[in-house]
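As the structure is a prediction and not an experimental result, all values here were calculated from the model. Naming: A, B, ... by sequence-line order, numbering from 1 per chain.
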Amino acid sequence: MKRRDFLKKAILTPAAIAALSAGCGKTTGRSGKRLIVLGVDGMDPSLVESFMERGLMPNTRRLKEMGSFNRLGTSNPPQSPVAWSNFITGAPPPVHGIFDFIHRDPATMMPYLSISEVTPPDSTLNLGNLRLPLAGGGVNLLRQGTPFWNTLLDKGIPVTMIKLPVDFPPPAANKHGLFLSGLGTPDIRGSQGSFTFFTDDPRSISDNTGGGVIIPVRDYGDGCYTCRVEGPANSLIEGNPVMSVEVKAWADRESKAVRIDMGDASVVIGEKQWSPWMHFSFPALGPLSTVHAIGRFYLKEITPKLKLYLSPLNIDPENPALPISSPDWYSRDLAEDAGLFYTQGFPEDTKALSRGIFDDDDYLSQANIVLEERMSLFHSVLSRYQEGLLFFYFTSLDLNVHMFYRSMDPASPLYGTTDSRFSGVIADLYSRIDIAVGQAMELMDDRTEIILLSDHGFAPFRRSFNLNSYLAAEGFADISSPYERNNDMYACLDWSKTGAYGLGLNGLYINQAGREKNGIVTAADKRSLMENLKTSLESAVDPLTGDRPVKNLFILEDTYPGYQMPPWAPDMLVGYSRGYRASWETTLGAFPEEVITDNMDPWSGTHCVSPDICPGSLITSLRNMPANPTLTDMGSIINNILTDGEEDQ
Amino acid sequence: MNTLFDLLLKPFQPLHPLWGLMWISALSGIMMILVFKKTSNQHAISALRRKMGSRALGMLLFLESPLTVVKLALGLILDNFIYLWHLLKPMLIITIPFLLIAAQLDARYSRQPLNSDHPSTVTVYWESSIPFDVQEEPEEGVLISPVVTIADSLEQSFSFTGNNGIFVFSEMGIYLGSSGPSGSVCIRGAERSGIIPTLFHPWNIEAPADIIKIESFTQEKNYNILGSRWGWFTVFLVFSSVWAVLGAVIFKVKV
């Protein structure tokens with residue numbers, strides 16, 4: 001090669017690399033149909049109809065007029081992990097194995113999150129106090145069954161699933177697939193979202209129901225508060241000590257602001273202001289292994305006392321400590337384009353509101369950040385969308401309607417104490433979702449269809465039903481230690497005299513011999529006990545209202561006949577009536593004195609009721625939809641649209 | 001120095017920052033290898049490399065004679081020191097332009113432009129007392145936080161978010177943030193002048209009277225290359241090294 005030729009080729013190299021770089025991350029595939037599916041958690045069909053009539057959802061109305069509007073049959077129980085698993089696998093809970101947010105191991109009676117699990121390494125190399133993993137260990141998705149999009153990927157049709165629930169960790173990398181995990185993705189500490197609240201007035205927070213930690217801090221006269229932020233446990237060190245970083249908050253009470261210093265980073269925020277996302281680095285093994293996280297500070301108050309909130313530490317999408325996207329570079333790519341975003345599955349901090357850390361204004365400002373980030377992500381994904389399936393999930397409607405149903409429900413015990421300023425919160429949220437619908441509709445052409453769907457609707461949560469207390473009162477469970485009634489995990493129970501117990505939001509279990517750790521009910525007696533429970537619970541009456549709290553008690557083997565139930569499945573599902581739901585105490589096995597109480601938690605809307613009460617919504621650009629569609633039908637409908645009906649053939 | 005580099009780097013300003021950075025790195029690599037050629041003793045290096053090659057060959061040929069191998073190995077070690085000595089002068093000469101270029105590139109390519117998503121924080125360190133009447137008057141489109149005063153250490157801090165990529169601090173005419181074309185200097189603060197600050201901190205300007213220094217914290221900029229994130233220095237180091245090696249081959253430089 002002549003020197004001139006060589007120079008010519010060499011000069012082109014940077015340009016070639018830059019061109020490759022610019023092209024990186026874009027999907028390619030055969031040209032074909034396009035389908036945009038907007039999954040809006042908790043979008044209630046009755047509210048959609050009402051808001052369309054009031055002109056608050058013009059784009060959705062246009063979509064309905066173009067195609068069709070249906071109520072979409074939800075799952076039983078109508079909980080998001082169950083419903084979205086039905087959607088993903090096209091099958092009921094006995095197939096995908098998700099029956100509730102919470103399952104229990106019958107051998108130990110310990111509860112666990114139903115969606116995913118972290119397993120420790122099978123073997124480690126021990127060097128002093130170091131524990132270096134050699135094999136095994138990791139994060140596993142507990143959802144079973146086959147996702148509908150596998151058919152599309154096999155045919156080479158591009159699939160993009162953004163914030164899809166019950167998909168953490170995401171599937172293995174596929175050249176046609178882009179995945180970003182949604183509901184079920186933990187924060188960096190492994191919980192579903194644990195805030196940190198620094199204050200020099202810790203006694204002002206009396207509620208200790210979890211969801212975060214209160215850290216007392218003190219100003220020694222120079223205006224500086226030293227705040228220690230706890231990160232994840234360090235599994236590389238014996239005893240798994242918790243890693244932490246030090247943050248200094250310099251308070252200026254005259255200007256009502258703090259300067260937050262962490263490492264080289266520094267930011268000033270005033271009262272009622274949010275910091276931008278800040279990067280936290282937890283060195284697990286010196287500079288060799290560092291866990292990265294992001295968090296946002298919120299200065300709730302500075303005078304007279306400091307009240308500084310730190311959001312749950314989220315997995316950093318630019319440097320994920322756990323797999324949150326597939327391929328792994330995809331989360332970084334999105335963050336670079338759309339900015340940093342909440343990666344945890346439940347981004348809205350409902351616990352902070354329930355515990356009184358936030359007031360309604362604080363909560364809404366945080367929820368607004370979440371929705372703005374989601375919109376920015378949506379815009380980024382939409383702008384790159386070429387073909388195939390694009391699924392995009394919105395969580396805001398669900399969590400915010402949970403918290404603000406009281407603002408539009410005059411029968412709610414909290415309606416009178418909720419500021420009238422918030423009466424339009426839900427309508428405003430629906431309007432903002434409608435904007436996303438409009439943005440998707442701008443892409444419509446003769447090869448593009450749109451489906452707007454939700455996993456369930458909504459109902460009021462006015463009265464709390466203490467299922468376990470009811471079982472004890474009716475002789476189905478026996479309390480041996482009454483002073484421990486309010487402790488979790490059946491601390492007060494005498495298992496040798498207990499036939500049934502409640503766990504999770506809808507689950508009811510028989511204390512079955514040979515399955516449960518202390519089981520007493522034989523296989524022969526199980527059926528009659530379940531029928532007794534059905535008769536008893538369906539006839540129970542709320543003494544205050546005269547209503548029946550339980551509309552249906554579903555015996556699982558009758559509801560899903562022909563399926564083999566896994567050992568973690570509940571035996572029955574409690575279908576609550578409109579206005580009722582399992583109390584928070586019941587979900588983790590406590591037994592409060594009263595069976596039914598007013599729900600005084602801001603969490604005032606629910607969908608954990610009988611499934612016929614809260615169907616989801618299905619609005620599409622397609623005129624020909626099957627009659628009475630359900631979530632389990634949607635996978636094959638989507639595949640048929642994108643494969644021109646090959647799925648049916 | 002900033003003006004000189006503004007002039008030198010002007011051809012790259014219309015380019016995307018990554019492209020500009022890559023081209024500058026490539027040219028820097030070639031320039032540095034040419035400087036190396038001019039300032040090093042090419043004849044001596046060439047002879048030394050031949051000598052080292054023959055010693056290595058000798059070690060392979062006389063494996064059965066441990067004494068010869070040890071002698072050759074010791075000679076090889078000594079040759080390495082002599083080789084490093086030959087490198088010392090050109091490397092010292094190259095270090096100065098390298099540091100100057102690196103400082104200029106840091107000032108131009110290491111920070112995110114200001115935008116509404118990335119607030120920047122400024123801290124002013126006063127010399128003797130904090131004046132009462134400090135008021136920040138932001139440009140249109142710039143949001144500013146309240147000012148936090150830390151009396152004990154005579155510090156004042158505030159954060160700002162701008163849409164137009166520029167912020168005017170008080171009435172002192174200090175512009176922070178990056179504006180203008182790609183590759184222009186992003187001013188990050190101020191400090192008292194001196195030869196070293198002026199040459200090697202081109203992102204700072206002269207600190208006004210009564211102020212020891214002004215620091216700002218702005219987001220670092222990363223570049224997406226083949227799906228992974230590279231800091232500006234990694235881009236510079238890798239591309240200048242690759243092109244230095246290529247240049248050594250093309251221009252027959254003995255390294």
Side-chain angles (χ1 to χ4, degrees), chain A residues 3 6-7 9-11 13-15 17-25 221-224 248-261 263-271 273-277 279 299 302 318-319 327-330 332-333 335-340 372-373 376, chain B residues 15-27 30 112 115-123 143-153 155-161 215-230 235 238-239 242-243 245-247 249-252:
Chain A
R3 180 174 293 188
F6 178 84
L7 279 170
K9 287 191 176 178
I11 284 165
T13 309
I17 290 173
L20 273 171
S21 161
C24 182
D222 57 358
C224 180
K248 286 195 184 299
W250 294 89
D252 184 337
R253 292 197 155 80
E254 273 186 38
S255 66
K256 295 192 172 181
V258 289
R259 189 181 85 195
I260 297 164
D261 295 344
D264 294 336
S266 186
V267 70
V268 175
I269 49 172
E271 215 169 44
Q273 283 183 348
W274 287 87
S275 78
W277 283 109
H279 292 269
L299 182 59
I302 191 166
E318 292 183 328
N319 227 327
D328 55 3
W329 51 259
Y330 188 51
R332 187 169 57 235
D333 197 41
E336 277 175 6
D337 192 50
L340 292 169
E372 280 180 5
E373 280 181 4
S376 175
Chain B
L15 301 177
H16 181 278
L18 176 59
W19 286 58
L21 190 53
M22 285 200 299
W23 282 112
I24 294 165
S25 305
L27 287 177
I30 290 169
Q112 293 278 8
N115 61 51
S116 54
D117 295 329
H118 294 106
S120 300
T121 301
V122 176
T123 298
L143 301 170
I144 185 167
S145 75
V147 178
V148 167
T149 301
I150 302 169
D152 289 358
S153 50
E155 292 174 39
Q156 283 191 309
S157 301
F158 59 92
S159 291
F160 66 96
T161 311
E215 286 179 346
S216 75
F217 172 75
T218 49
Q219 293 284 323
E220 283 185 11
K221 186 175 179 64
N222 286 300
Y223 296 92
N224 183 356
I225 298 181
L226 299 174
S228 64
R229 295 168 73 217
W230 295 35
V235 176
V238 168
F239 280 85
V242 166
W243 280 85
V245 171
L246 287 172
V249 175
I250 297 164
F251 299 109
K252 296 186 174 165

Taken in chain and number order and not counting sequence neighbours, the residues that satisfy ring pair (Phe, Tyr, Trp, His ring centres under 6.0 Å) with Trp274(A) are Tyr298(A), Tyr309(A)
Residues at least two apart in sequence or cross-chain that pass salt bridge (charged side-chain N to carboxylate O under 4.0 Å, His left out) with Asp252(A), listed by chain then number, are none
Criterion side-chain contact (heavy atoms from CB on, under 4.5 Å) on Thr149(B) and Glu254(A), from CA distance to verdict: CA-CA 9 Å; Thr149(B) 301; Glu254(A) 273 186 38; over 6 Å; no
Side chain / backbone / both / neither for Glu318(A) at chain B, heavy atoms under 4.5 Å: both
What pair of heavy atoms forms the shortest contact from Ser157(B) to Arg259(A), and how long is it? OG-NH1, 2.6 Å
Quick one: pull up CG in Leu299(A) and OG in Ser145(B) and give me the separation to the nearest 0.5 Å. 11.0 Å
Greatest number of heavy atom pairs closer than 4.5 Å to chain B - which of Cys224(A), Ala257(A), Ala251(A): Ala257(A)
Taking every non-hydrogen pair under 4.5 Å, which of Glu336(A), Gln273(A), His279(A) racks up the most with chain B? Glu336(A)
Does any heavy atom of chain A fall under 4.5 Å from the side chain of Glu215(B), the backbone, both, or neither of them? neither
Leu340(A), Asp264(A), Val267(A), Asp222(A): which one forms the most heavy-atom pairs within less than 4.5 Å of chain B? Val267(A)
Residue pair Val147(B), Ser255(A): steps toward the side-chain contact (heavy atoms from CB on, under 4.5 Å) verdict: CA-CA 6 Å; Val147(B) 178; Ser255(A) 66; 5.5 Å; no
Give the member of Val242(B), Asn222(B), Asp152(B), Val148(B) that has the highest number of heavy-atom pairs under 4.5 Å with chain A. Val148(B)
With a 3.5 Å distance limit and no angle check, can you tell me whether Thr121(B) reaches the backbone of Ser266(A) through a side-chain donor-acceptor pair? yes
With a 4.5 angstrom heavy-atom cut-off, which part of Thr123(B) approaches chain A: side chain, backbone, both or neither? side chain
